[in-house]
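Please read the structure below before turning to the comments.
Both counts, for ligands and for their atoms, begin at 1 and track the order of listing.
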Amino acid sequence: MSEARSIGTAPGKVILFGEHAVVYGRPAIAVPVTQVQAIVTVEHARDGFLIVAEDLGKTHFVGQPGDEQTCPLEVTVRNTLAYFGLPIEQNLRLSIRSTIPIGRGMGSGTAVSTAIVRALAAHFARRIPPDQVCRLVFQTEIIYHGTPSGIDNTVIAYGKPVYFIRDQRLETFTVGHPFRLAIADTGIFSPTRVAVGDVRHAWERQRARYEALFDAIGDITNRGRKAIETGDHETLGRLMDENQALLREVGVSSPELERLITAASRAGALGAKLCGAGRGGNMIALIAPEVEKAVVAALQSAGATQVLVTDVGQV
Ligand code: PMV
């Protein structure tokens, strides 16, 4: 066991195609976003085991009765130590910092859990393969989301673009030609659990309609994968627009998202859609380098609280 500080990090993510439909067994595509990160440091503490969320100014003491099953951070810590065959009684300070916006569909909670697993592995000098990181973090996802598909923990644990179908072996794929995304935040906190729950109620009431929508989204995801592999950005953008039209039908868009999507398209984006659970959170726009400035400015004047630009497939 090392006495020095150990660090674990994890990136954010966006879903390019297939959110919500992925919960119902259709494929989805997600990519990591490395400009934003969760960073966890572990160091020895004198007395007890504490988790400090530095950005939020909150401290959690591990081992308080009642928190074992409900505090996502504690659950991650307990499962990770159990995986390594270590007791929960430790004198440790775990400090969390993150630049990933919370509740905006960029995987902030998942990235924090992933960084915790990695930081503990580093502290105890253990190796842990990505599939096991993914499995451990999934257990925490259940607390956050109720019925997660598993796409968030998968893309963040592997740190590469993924083509994901629930309960199937992971497929990664190659990006034929790197592409650029603008990611714009509505500033609206939107818990995934709520949006996913509302979609489930709607699906229960109108099963045939929702199954058809999910089939159409699954088909777009498959065509999107081909467009990414072949580097066909025109098609990729058009498919993003088509996916957005279906997400609107699913009932997870919002006026704020629509405003940003329209602004990006008018400023020259090749395609735009919400990403993640919707209702608020972020949207993504596919942009050629020459329209980047115009699209970013349009997103800002349409109310985006933050705009990130990221390249996907850059080696
Ligand atoms: O965590 P978010 O907001 O990126 O949403 C995850 C995507 C959903 O398909 C809406 C839910 C899931 O579990 O896949």
Side-chain angles (χ1 to χ4, degrees), residues 10-33 36 38 72 98 100-114 134-135 137-158 161-168 170 181 183-203 210-211 213-218 220-221 224 240 243-244 246-254 256-257 260 273-284 306 308 310 312:
K13 70 101 217 322
V14 289
I15 298 179
L16 293 185
F17 293 107
E19 49 273 271
H20 288 289
V22 69
V23 176
Y24 298 81
R26 275 55 165 203
I29 291 173
V31 296
V33 178
V36 284
S98 174
I100 308 171
I102 297 171
R104 309 284 209 276
M106 288 194 73
S108 70
T110 316
V112 166
S113 300
T114 307
C134 194
R135 193 184 60 78
V137 174
F138 185 70
Q139 294 170 14
T140 307
E141 292 288 282
I142 293 170
I143 301 176
Y144 279 120
H145 296 335
T147 54
S149 65
I151 189 167
D152 284 14
N153 49 302
T154 302
V155 64
I156 290 173
Y158 285 86
V162 297
Y163 174 86
F164 178 89
I165 302 177
R166 189 175 193 155
D167 301 327
Q168 289 193 18
L170 170 71
L181 294 177
I183 307 171
D185 196 339
T186 59
I188 295 168
F189 177 77
S190 170
T192 300
R193 181 189 270 277
V194 174
V196 169
D198 288 351
V199 172
R200 182 159 300 272
H201 290 137
W203 172 78
Y210 273 76
E211 284 293 323
L213 287 169
F214 297 148
D215 279 342
I217 292 174
I220 287 173
T221 301
M240 285 167 66
N243 195 164
Q244 173 60 22
L246 291 164
L247 285 164
R248 220 173 274 142
E249 294 278 313
V250 169
V252 291
S253 195
S254 72
E256 295 81 5
L257 283 163
L260 297 184
K273 64 181 275 293
L274 67 85
C275 63
R279 296 276 171 78
N282 279 281
M283 55 73 73
I284 50 175
Q306 188 183 16
L308 291 171
T310 191
V312 179

Near Ile142 CD1, under 6.0 Å, is it more than 12 heavy atoms from other residues, nucleotides or ligands?
yes
Output all residues satisfying side chain to side chain contact (heavy atoms under 4.5 Å, CB included) with Ala30, sequence neighbours left out; order by chain, then residue number.
Ile15, Ile151, Val155, Val162
Can you tell me which residues line ligand 1 if we count any heavy atom under 4.0 angstrom from one of its atoms, in chain and number order?
Lys13, Ile15, Glu19, His20, Val22, Val23, Gly105, His145, Pro148, Ser149, Ile151, Asp152, Thr192, Val196, Gly276, Ala277
So which pairs with a foot in residues 10-24 pass salt bridge (charged side-chain N to carboxylate O under 4.0 Å, His left out), sequence neighbours left out?
Lys13-Asp152, Glu19-Lys273
Closest non-hydrogen atom pair between Pro11 and Pro32, with its separation:
CG-CB, 4.1 Å
Under 3.5 Å, which donor-acceptor pairs link side chains of residues 189-196 to any protein atom two or more places apart or in another chain?
unit_1, atom_1, unit_2, atom_2, d
Ser190, OG, Gly278, O, 2.7
Arg193, NE, Tyr144, O, 3.3
Arg193, NH2, Ile143, O, 2.8

Look at the aromatic rings of Tyr24 and Trp203 and report parallel, tilted or perpendicular, splitting at 30° and 60°.
tilted
